[in-house]
Amino acid sequence: MMSNEPSPRQPDEHARLRDLLAGYAAGTLPARERATLTEHLNWCSDCVARLAGWRAIAGGTRTALPAVTPSRDVLDGIRLRVSPSAPIGPSVLLALVRAQVPLVRPQIWSASALVLSLGVLVTLVNHRGGAALMSLVAPIVAAAGIAFIYGPENDPSLELALATPTPARLVLLARLTIVVAFDLGVAILASGGVVALGDAPDGLGQLILQWLGPMLLLSATSLWLSVAYGPLPATFVPLTLWAAKVGIAGIVEPLSAAATIATTLSSTNAVTVGVAALIATAVLVQVPHNERLA
Amino acid sequence: MTPLVQPAWLLDAPVGATSAAPVDVDVDADTDADLVRLMAARDETALAALYARHAPALLGFLIATTGNRADAEEVLQDTFFAAWHSAARFRGDSRVRTWLLAIARRQIGARRRRRGLTAAPLGPDDDWPDTAAGPEDVALTRAGAVEVAAQVSRLSDYQKSILSLAFVQELSYHEMAKVLDIPIGTVKSRLNSARRALATLLTRTGEQGG
């Protein structure tokens with residue numbers, strides 16, 4: 001028969017066993033203590049009531065605080081930290097690129113999209129001029145965006161990013177990939193719009209070739225200046241070069257050396273693409289040794 | 001031993017895995033302790049297997065303790081990174097789960113220190129003796145499972161953490177004391193504190209509802 005009061009001879013034992021009820025409800029008591037408590041529960045109604053409360057808590061806790069499957073990024077992050085020299089798979093690179101998206105200045109997206117859409121708008125309103133505008137603005141808009149993707153002036157979290165085992169050049173490469181891919185995508189869409197409106201008689205391919213080479217070259221130049229000197233030189237130097245190119249085309253003899261250089265650098269050819277690739281590669285190699293960034 | 005059978009990091013923790021979930025990792029290690037020994041020898045497959053076995057349960061504890069998933073996942077990463085580096089010092093005196101939870105608790109403390117927080121990370125050591133059963137226990141036993149779970153979610157992070165250790169991680173009092181680095185008496189006191197707080201919440205809810 002149960003009693004509400006423990007035996008006078010066993011108050012300390014009752015208190016000791018009462019303190020074990022949570023473990024009893026969890027099923028974690030050693031066998032000997034569990035057996036002692038089971039016997040105690042045969043007569044102690046106080047502990048029986050209390051045990052019911054602990055069992056309710058155990059069930060509620062298991063429901064409220066369950067095991068949770070971590071996101072894949074956690075495993076990838078551990079992998080990078082324990083073996084930074086290990087080959088990095090596509091999923092790691094994808095996760096890295098995805099992680100950089102929120103760290104790129106949002107103005108880069110809107111400014112690029114807005115300016116590159118101007119070509120379509122001009123064609124819509126004026127019925128001509130859109131293709132020429134695309135060729136003129138696409139390279140410099142992309143370069144201006146690249147000027148702001150990396151460096152302490154552009155990213156308050158850079159200090160933290162550089163403290164992680166993720167190589168600095170991988171972070172830069174990821175951001176470069178995002179912004180260049182975005183600019184290319186928007187520029188191709190805008191060019192498609194201009195062609196659809198009948199403003200590019202030579203077709204989409206020719207229109208893209210008019211801006212692609214200069215875009216890559218100016219973007220690479222901007223990347224180098226941004227990493228080496230900061231975003232302002234990286235914005236104004238390509239802008240000045242591009243303006244000079246436009247000016248030169250109007251004032252020098254068509255067959256002069258200056259005109260030849262300007263023409264070569266303002267179209268898509270092996271020189272523009274090759275020089276752009278060389279500059280970008282040199283920057284990526286140099287980044288870990290850059291005092292401003294490393 | 002021939003532990004390496006496939007690229008270590010191609011292995012995912014199974015979706016919805018719990019501590020008891022089977023691990024799809026073919027390593028020559030039957031026990032967690034074997035995996036830790038392999039990990040001490042820089043076997044990444046063993047690390048992946050250990051992660052698959054314990055990460056979901058650890059993350060549950062860390063979410064309860066930190067209050068949000070983003071912080072919890074960062075601490076989880078820190079925990080396995082620290083385990084990787086301290087695997088050689090694992091002596092097998094405790095279960096691997098307990099060892100990992102202790103590392104996780106230290107990582108939470110380190111993280112709080114980095115953020116300039118000096119308060120005790122897992123709550124005060126108030127003396128909360130267990131008292132005779134009363135109306136609060138009646139509220140506990142009368143409440144439905146859903147209601148109790150809802151009120152557990154409203155407890156403080158340190159109260160949730162002790163309940164998680166007791167009923168989800170299913171640690172003994174001795175193991176909880178080891179993880180939290182506090183005396184066993186304090187473990188019991190904290191459990192009583194959480195029980196009292198939970199009963200109070202349920203009583204208030206009952207009064208408001210009734």
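Just so you know, these numbers use all the heavy atoms, side chains as well, and skip hydrogens, waters and symmetry mates. Just so we're on the same page: letters track the sequence lines, and every chain starts at 1.
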Legend entry - A:D19 CG to B:L191 CG distance, which is reported to the nearest 0.5 Å: 9.5 Å
Inset, instruction - Please name the pair of heavy atoms, one in B:A149 and one in A:A64, separated by the smallest distance, quoted to 0.1 Å. - result: O-CB, 3.4 Å
Inset, instruction - State, to 0.1 Å, how close B:Y51 and A:S71 come at their nearest heavy-atom pair, and which atoms those are. - result: OH-O, 4.2 Å
Legend entry - B:R154 atom CZ, over 12 foreign heavy atoms within 6.0 Å: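 Incorrect, the count does not exceed 12.
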Inset, instruction - Verify, without hydrogens or angle tests, whether B:Q77 (side chain) and A:L75 (backbone) share a donor-acceptor contact under 3.5 angstrom. - result: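 Pair absent, no side-chain N/O of B:Q77 close to backbone of A:L75.
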Legend entry - B:R195 side chain to A:W54 backbone, donor-acceptor under 3.5 Å: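 No, the answer is negative, given that no donor and acceptor are paired below the 3.5 Å cut-off.
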Legend entry - Contact leader toward chain B among A:G27, A:C47, A:G53, where contacts are heavy-atom pairs under 4.5 Å: A:G53
Legend entry - Contact winner vs chain B - A:G59, A:A52, A:A22, heavy-atom pairs under 4.5 Å: A:A22
Legend entry - Closest-packed option against chain A by number of heavy-atom pairs under 4.5 Å, given B:D78, B:V146, B:L155, B:L62: B:D78
Would you say the side chain of [Y] lies within less than 4.5 Å of the side chain of [X], judging by non-hydrogen atoms?
| X | Y | result |
| --- | --- | --- |
| B:K188 | A:R18 | no |
| A:P70 | B:L59 | yes |
| A:L65 | B:I63 | no |
| A:L29 | B:Y173 | yes |
| B:E175 | A:T28 | no |
| B:L76 | A:I78 | no |

Legend entry - Stacked cation flag A:R81 on B:F81, 6.0 angstrom / 45 deg: yes
What part of [X] is in contact with chain A, defined as an atom under 4.5 angstrom from a non-hydrogen atom: side chain, backbone, both or neither?
| X | answer |
| --- | --- |
| B:R69 | side chain |
| B:L198 | side chain |
| B:L171 | backbone |

